[in-house]
Amino acid sequence: MIPAAFDYVRAGSAAEAISLIGEHGDEAKFLAGGHSLLPLMKLRLAAPSVLVDIGRVSDLSYIRDAGDHIAIGALTRHMDVENSAVLKEHAPLLAHAASHVGDPQVRHRGTIGGSIAHADSASDLPATTLALGATYVAQGPNGTREIAATDFYHGFLQSALAADEMLTEIRVPKMQGAGWSFQKFNRRAQDWAIVGVAAWRRNGDSGVALVNMGSTPILATSVASALAGGASVSEAAQLAAAEAEPQNDLNASQEYRVHLAKVLVRRALEEASK
Amino acid sequence: MTVTDDRPASVLGTRLLRREDPALLTGEAKYANDLNIPGALHLAVLRSPYAHAKILSVDVSAAAELPGVVAAYSGADLAGLWASPMPSAWAVTTDMKNPAHYPLASTKACYVGDGVACVLATSETIARDALELIDVQYEPLPAVVDLEDALSDRVVIHDELGTNSSYTWDLKIEGTEGQVAQAFADAAYTVSERFIQQRLIPMAMEPRAIVAVPQPFGGDMTLYSSTQIPHILKVMTALTLGIPEHQMRVVAPAVGGGFGSKLDVYAEELLCVALARKHKVPVRWNEERGENAVATIHGRGQIQYVELAADATGKLTAVRVRIVADMGGYQQLITAGIPILGAFLYAGVYDIPHAYDFSCTGVYTTLTPTDAYRGAGRPEATYAIERAMDVLADQMGIDPMDLRKRNFIAKEQFPYTAFTGLVYDSGDYLKAAELAAEMADYTGIRAKQTTQNVPGATKRIGIGQASYFEMCGLAPSRVLASLNYSAGGWESATVRVLPTNKVQVVSGTAPHGQGHETAWSMIVADRLGISPDDVDVLHSDTAIAPLGLDTYGSRSLPVGGVAIAMACDKVIDKAKKIAAHQLEANEDDLDFAGGSFTVKGSPDRTMPLAAIAFEAFTAHNLPDGLEPNLEAQVTYDPPNFSWPFGTHICTVEVDTETGNVEVLQYVAVDDCGNQVNPLIVEGQVHGGVVQGLAQALYEEAVYDTDGNLKNASLAEYLVPAASDVPNITLGHTITPSPTNPLGVKGIGEAGTIGAAPAVMNAVIDALSGLGVTDMPMPASPHNVWKAIQAAQGASK
């Protein structure tokens, strides 16, 4: 539980952070809340030679109503996402999902940007923002660009972010009164989901994404298409795992995960349809 | 006329807050790793990545050259330091096969985590970095993970033994030959079950930590260790390293939990002491969490074949048990004896004739060694009989509570001499079961089941019980002798009244979370009529408390606490002589109450203990021949074990679609005789229940076929947290033990013993309408789902 030796620099702004990362090259990593990166370092599964601490870049901690969407600064802590009145009104699914991340200690330190940039398919917020059709904003040496959540997740812990890019904002479309549900199935409250489902439904539209059903968060497009085509919730839920590539692990076999996904998608859609 | 007694009521039996807690809760308590020892070198141990491998060569030269590294050693380099192999204190049979086990392996590694080399460096970080520079060449051999595969000797782990079977221990009951077979032949009902006690990782909150400090003068050695057994460790370290015992001192500072895992003599303790002697500097070692999962002992690990015979009314007529016990790669301190501690309890709380057949075979595997884990042998036995009783009730079509009532040993039968010859000193099993049933609304939940558990229901209710007893309070020394255990079971106490009437108690128990300082001060306060605040409790340092046999097996109160009460009585006897002398009265005419001696019938002729203590100290006016000072020592060897009992009832709701088990209610009724401090009793039961519930629902050390532990972290080894545990409703009956003057029984392990079978009986009960009759622990959602799938597949 002792990480390999590393250097530490603290950035005062996003621009400074990007310049520091550029300076130190591939061996540097951003440190935000530290709740994904530090455990990997302590197990020596990650050994960056430089940590660029962006934890004090305070102007990236905000939640703003931006008209058709809510803009969330990447360094906003889970606890603030969970308790945001703006999100509770316009994106209650995201606020609720944030309340299920880890335990209270984790939610007070971990950040939404850190969780999304880490791109862990077992984390709650990547799948939730994917279901909501979010857009992420990345800043690099040559300015900023927008990346759709659907284009962001490339593989296990792999994202569209370049090595010298930093995630700065998450833009979540307003849910406009859509019904929603977040189903997190795990054995202990603090654990990652064995399978999780984030879903919303409004008239003929819906969005369903799966947690921990593959190497990336999975957008269950077959479910949404089936619903749009008039299928019942139960019928659509049978397609829950059509896009998934679930793995075997200590908590679940592939077969059990597929089964759970169908049950949980059905329950989620039933709740979202109320 | 109304007489008012304004003396304070005794503190005994009150919910006094634990005096230990402020330091623990504020971080002031000092654990071994908190000790600031200038100049200490840090030890790090290189561990085998293979479950089973020949060690072809070890090259430590590159590690030794790393700046900050003082020395690096292979197992062979240190072979000359050991006067004998690591201690194994329990040869359960005279022909038990036990391989020589040294702190570092030199020719063969026998589990993942087996130490093969070590480094001493000026910092922990350097020491651990240096491990990566040690080059060990291994020749991997096949792992032996499965117990029945181990028994087959397909791969023999210790060549010199010629077999993986270490021993077979049979419980022989004279004059009963043929009775068991006859009972099974005559039985109206028989049950035959195979249960698995999965391996569990004790996961004390504080991993182990050690500092060995050679004293600057005299060649003495002080070993600070996170241990439950400073006294046993002192003797064993001295013997293993050839150090004269009087030059060895062991101190257990604040210890963050043990659950049996620190009831051991570990390689790292011996390495720290040996290297501190060799290098003449302090040497320290601090265990990492992942290291703790493989290098500290595991618990349980048994296959149990259990058979019951019963007559047409469900009355048990015979019990037959075969156990295969997983000892791991080597034996640790009492590995072989753990299943034997349960051997006498497989008939549970039931009145059975002399028809009992028990046999246990201990077998080596290429996994982490097993040893004592909370309950040690007794949870396994209780699980087997209590699960089998539910199977029998199901077969007979009667309520499992009714079946138990037909079989309980009746209150009138105590003291009850069992078929084993053991005497159960006291009990009222029916009363505890009825109280638990009432608290749990047993009949109401049964009624609810009939409406809720209908065909097609996806949320099914189950209710399960376990009526347990256990033998604890280890232990009468002569009984231990009959089991070939190589130590006694007594405990020592000194009570010393200082000149100002403050009291020091020196106890041979070694608390690691239990609250002994609070409880012992209450016993003394009650006995001597003083405030518990005036009592200081000294323990866990062999220089201060040289005599003792430490803390395990729910022994501290019924053995150590009783010794303290008896030492108080000895102090009172001596004080009475002084009081009689000074009051010019006959000893027989003195009453002792409220901390004062008073001449019967003359309330003004009185002398408080405070005055007597000072008189004893000045020695100006003592009876002829009486030694000065007021102090007494008692070594108490208990005449019997202690026999706590109770009934736990668990209610669950199982989601048959996901396999999730939700505990709706948990009722525990425990009887530990008189309670010194109910707050501490409740804490012990809460913790015990959670640990048993964890075995039933959460925990299992999972190995792959190559012998790699797959869940060596707390993210993957699922110790339940507070948010995952139900409220536990506690009830008590009080049946004082007649064998000790406090009337107390041990309570440290009872919760764990009752919980696993109660929870599993509830889970199986919920699913019985779906054809599920058993499933392996833990009843994880995946295991529950698989059991439902299998049952439904079978019924199609």
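Just so it is clear, the values below take in all heavy atoms, side chains as well, and ignore hydrogens, waters and symmetry mates. Letters A, B, ... mirror the listed sequences (proteins, then strands); counts begin at 1.
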Next item on the list: Any chance you could measure A:Leu250, atom CG, to B:Ser780, atom OG, to the nearest 0.5 Å?
Entry: 10.5 Å

Checklist line | Rounded distance (nearest 0.5 Å) linking atom NZ of A:Lys42 with atom CZ of B:Arg289 | finding: 12.5 Å

Treating [X] as the side-chain partner and [Y] as the backbone partner, does any N or O pair qualify as donor plus acceptor under 3.5 Å?
X        : Y        : answer
A:His259 : B:Thr658 : no
A:Arg187 : B:Asn660 : no
A:Arg188 : B:Ala721 : no
B:Asp724 : A:Ala189 : yes

Give, as side chain, backbone, both or neither, the part of [X] having an atom under 4.5 angstrom from any heavy atom of chain A.
X        : result
B:Pro781 : both
B:Pro207 : neither
B:Asp655 : side chain

Notebook entry, point to check: Most heavy-atom pairs under 4.5 angstrom with chain A, which of B:Glu291, B:Arg128, B:Glu288?
Noted result: B:Glu288

Next item on the list: Among B:Val719, B:Leu697, B:Asn783, single out the residue with the greatest number of heavy-atom pairs under 4.5 Å to chain A.
Entry: B:Val719

Next item on the list: Decide if atom NZ of A:Lys29 counts as having more than 12 heavy atoms of other residues, nucleotides or ligands within a radius under 6.0 Å.
Entry: no

Check: Are there more than 12 heavy atoms of other residues, nucleotides or ligands under 6.0 Å from atom CD of B:Gln452?
Finding: yes

Portion of [X] that has a non-hydrogen atom of chain B nearer than 4.5 angstrom:
X        : answer
A:Tyr256 : both
A:Leu260 : side chain
A:Arg257 : neither
A:Asn251 : both

Margin query: I'd like to check A:Ser253 versus B:His782 (side-chain heavy atoms, cut-off strictly below 4.5 Å). Are they in contact?
Written below: yes

Item checked: NZ/NE/NH1/NH2 to OD/OE distance under 4.0 Å, A:Arg44 and B:Glu132 -> yes

